[in-house]
2 protein chains.
Amino acid sequence: MSTAQDDLTGRARLRDAAIEGFAAQGFDESLRAIAARAGVSAGLVRHHFGSKENLRAECDATVLERYRKLKVDSINAEPSVMFSQLPSSREGGILMVYILRSVRDGGAAGRAFLENLVAEGIEFSADAVARGLVVPSRNEEARVRHLVRQSVGALIVQLGMWPDLALDDFEGVMERFYAESMLPTLELYTEGLFADRTYLDQYLAFVAGTETTPAAPAEETSSHHGKSKE
Amino acid sequence: MSTAQDDLTGRARLRDAAIEGFAAQGFDESLRAIAARAGVSAGLVRHHFGSKENLRAECDATVLERYRKLKVDSINAEPSVMFSQLPSSREGGILMVYILRSVRDGGAAGRAFLENLVAEGIEFSADAVARGLVVPSRNEEARVRHLVRQSVGALIVQLGMWPDLALDDFEGVMERFYAESMLPTLELYTEGLFADRTYLDQYLAFVAGTETTPAAPAEETSSHHGKSKE
DNA sequence: CCAACCGCTATACACACGAGTAGCCTCCTA
DNA sequence: TAGGAGGCTACTCGTGTGTATAGCGGTTGG
């Protein structure tokens with residue numbers, strides 16, 4: 001149940017319209033507008049879902065489920081660059097914008113999406129490091145979290161700077177975004193930014209000076225557990 | 001005139017309260033709440049500023065002006081890493097959150113702030129490249145725009161994931177953010193991410209194939225068109 | 001002295017929103 | 001074909017918002 005195409009009856013239509021409306025206009029979209037988008041009356045929302053909050057929750061769950069499904073479908077589809085397996089269909093665009101909006105507003109779906117992306121990235125990164133494609137990091141999770149934060153954040157900034165974002169043209173927008181981001185990304189990822197290692201080495205020396213390592217807060221850094229004065 | 005401390009008379013107090021309220025609660029903060037924060041009545045907003053939109057516009061202008069002032073004050077203060085000359089005072093935190101919110105919502109102040117940051121970054125980057133601190137890019141402006149987008153976006157994501165952001169503890173929040181972002185940033189900037197140049201070279205070859213260069217739309221990519229792996 | 005002015009408050013109005021209620025209308029079943 | 005259950009609509013209510021108007025009180029200039 002609750003897939004996209006099998007039941008177009010009321011509730012599902014309303015839910016999809018809500019997802020689309022939330023993605024297009026933000027989560028302040030009124031129930032009336034959503035109902036109008038679905039071609040039904042406003043009060044129907046209350047009969048199917050108890051409140052707007054419930055509707056939002058169900059939209060979140062549906063979007064997350066569809067994202068996972070879409071991700072699984074496009075797996076082994078050679079991700080040319082990390083975090084770039086972007087959808088090209090209209091539905092994929094709606095999903096993406098919905099998720100970006102959710103992250104933007106600090107919603108639960110956004111947090112879940114980020115955690116999902118981080119877990120996926122850690123796995124992917126570990127594999128890539130093992131295969132020698134990616135240089136290792138002193139804190140793999142911190143690196144992945146940083147990359148996820150930056151990638152998603154850049155998309156959110158782009159989304160904010162495109163107020164008249166048309167969901168129909170989402171693929172075009174993404175294409176344009178990638179066109180102007182691909183070169184800097186690849187340059188940064190292969191050639192770095194700094195010409196020498198002084199900044200990094202200085203920071204590493206500074207961190208080594210302080211006993212508590214702020215970069216690796218939780219996990220024990222390999223085996224040298226015994227700290228100095230205890 | 002129009003500095004923070006000299007005139008505490010009504011209008012300025014209200015404007016500052018609006019800035020603080022917008023930063024703390026978002027731009028949907030009601031006029032009554034702003035008035036209450038300023039310790040005055042609600043209708044006063046209308047007498048000083050015609051409407052909420054006008055108030056918002058004046059807040060934007062004030063924030064931008066203060067940001068520029070704060071930036072000028074802290075110039076030559078050795079930016080250890082690009083885009084990290086962050087304020088540590090409470091007022092600076094308010095300014096920063098206000099600007100982040102403005103970028104997030106696609107406001108005019110946000111766009112102006114981004115453009116300001118890009119211009120500043122281009123200048124800084126050119127200088128750093130000339131001094132041999134930073135490796136050159138095939139499209140400096142695209143790289144700066146990319147870095148700005150990513151840096152600001154990462155902060156916005158962090159902001160969204162911290163719903164109970166206390167403006168008083170802003171420096172602590174930023175400190176924590178930098179503590180967990182510093183290592184990945186420095187690693188990425190000095191050691192890159194990819195172990196070899198294949199991805200970049202493939203992309204450059206692909207771009208060289210198509211006549212229209214999507215990454216460098218306007219400017220000609222100087223003279224050394226036929227590049228090679230050094 | 002006083003009167004015009006300005007900062008400010010209190011109250012009211014129009015509007016949009018989410019929430020809630022009653023009833024029609026269709027389709028499915030026996 | 002009769003009955004009933006559920007999808008759906010029209011309407012109403014309370015609330016919160018931005019906007020607007022009338023009026024009070026202190027300050028200042030003639």
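The structure displayed is predicted, hence computed values, not measured ones. By convention in this document, chain letters (A, B, ...) are assigned in the order of the sequence lines, proteins followed by strands, and residues within each chain are numbered from 1. Computed from heavy atoms alone, side chains included, the values below leave out hydrogens, waters and symmetry copies.
Of the candidates C/dG18, D/dT19, D/dT17, the closest approach to any side-chain atom of B/Ser30 belongs to D/dT17.
A/Arg143 pairs in a side chain to side chain contact (heavy atoms under 4.5 Å, CB included) with only one of the listed residues (A/Val148, A/Val134, A/Ile122), which is A/Val134.
Taken from CG in B/Leu55 to CZ in B/Phe22, the straight-line distance is 5.0 Å, to the nearest 0.5 Å.
For the side-chain contact (heavy atoms from CB on, under 4.5 Å) test, residues two or more places apart in sequence or in another chain that qualify with A/Asp127 are A/Arg131.
Using modelled atom types, one finds no donor on one side chain facing an acceptor on the other under 3.5 Å when comparing A/Ser41 with A/Arg32. Looking at A/Arg149 and B/Ser181, their side chains do bring a donor and an acceptor atom within 3.5 Å of each other. A side-chain donor-acceptor contact under 3.5 Å links A/Asp60 and A/Tyr98.
When rounded to the nearest whole Å, the span between CZ of A/Arg46 and P of C/dA19 equals 8 Å. Going from atom CG of A/Leu55 over to atom P of C/dA19 covers 10 Å, rounded to whole Å. Rounding to whole angstrom units, CG of residue B/Asn54 and C1' of D/dT19 are separated by 13 Å. Rounded to whole Å, atom C1' of D/dG16 lies 14 Å from atom CG of A/Asp28. The interatomic distance linking B/Leu31 (CG) with D/dT19 (C1') rounds to 9 Å, in whole Å. Between the P atom of C/dA19 and the CZ atom of A/Arg56 lies a distance of 14 Å, rounded to the nearest Å.
The C1' atoms of five pairs define one axis at each end of the helix from C/dC1-D/dG30 to C/dA30-D/dT1, and these two axes lie 10° apart (to 10°).
Contact check for B/Tyr189 versus B/Leu147: side-chain heavy atoms found under the 4.5 Å cut-off.
Looking at every heavy atom in both residues, A/Ala42 comes nearest to A/Ala35 through CA-CB, 3.6 Å.
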What are the atom names and distances for every N/O pair under 3.5 Å that joins the protein to nucleotides 7-11 of chain C?
| unit_1 | atom_1 | unit_2 | atom_2 | d |
| --- | --- | --- | --- | --- |
| C/dC8 | OP2 | B/His48 | NE2 | 3.0 |
| C/dC8 | N4 | B/His47 | ND1 | 2.9 |
| C/dT9 | OP1 | B/Ser41 | N | 3.4 |
| C/dT9 | OP2 | B/Ser41 | N | 2.6 |

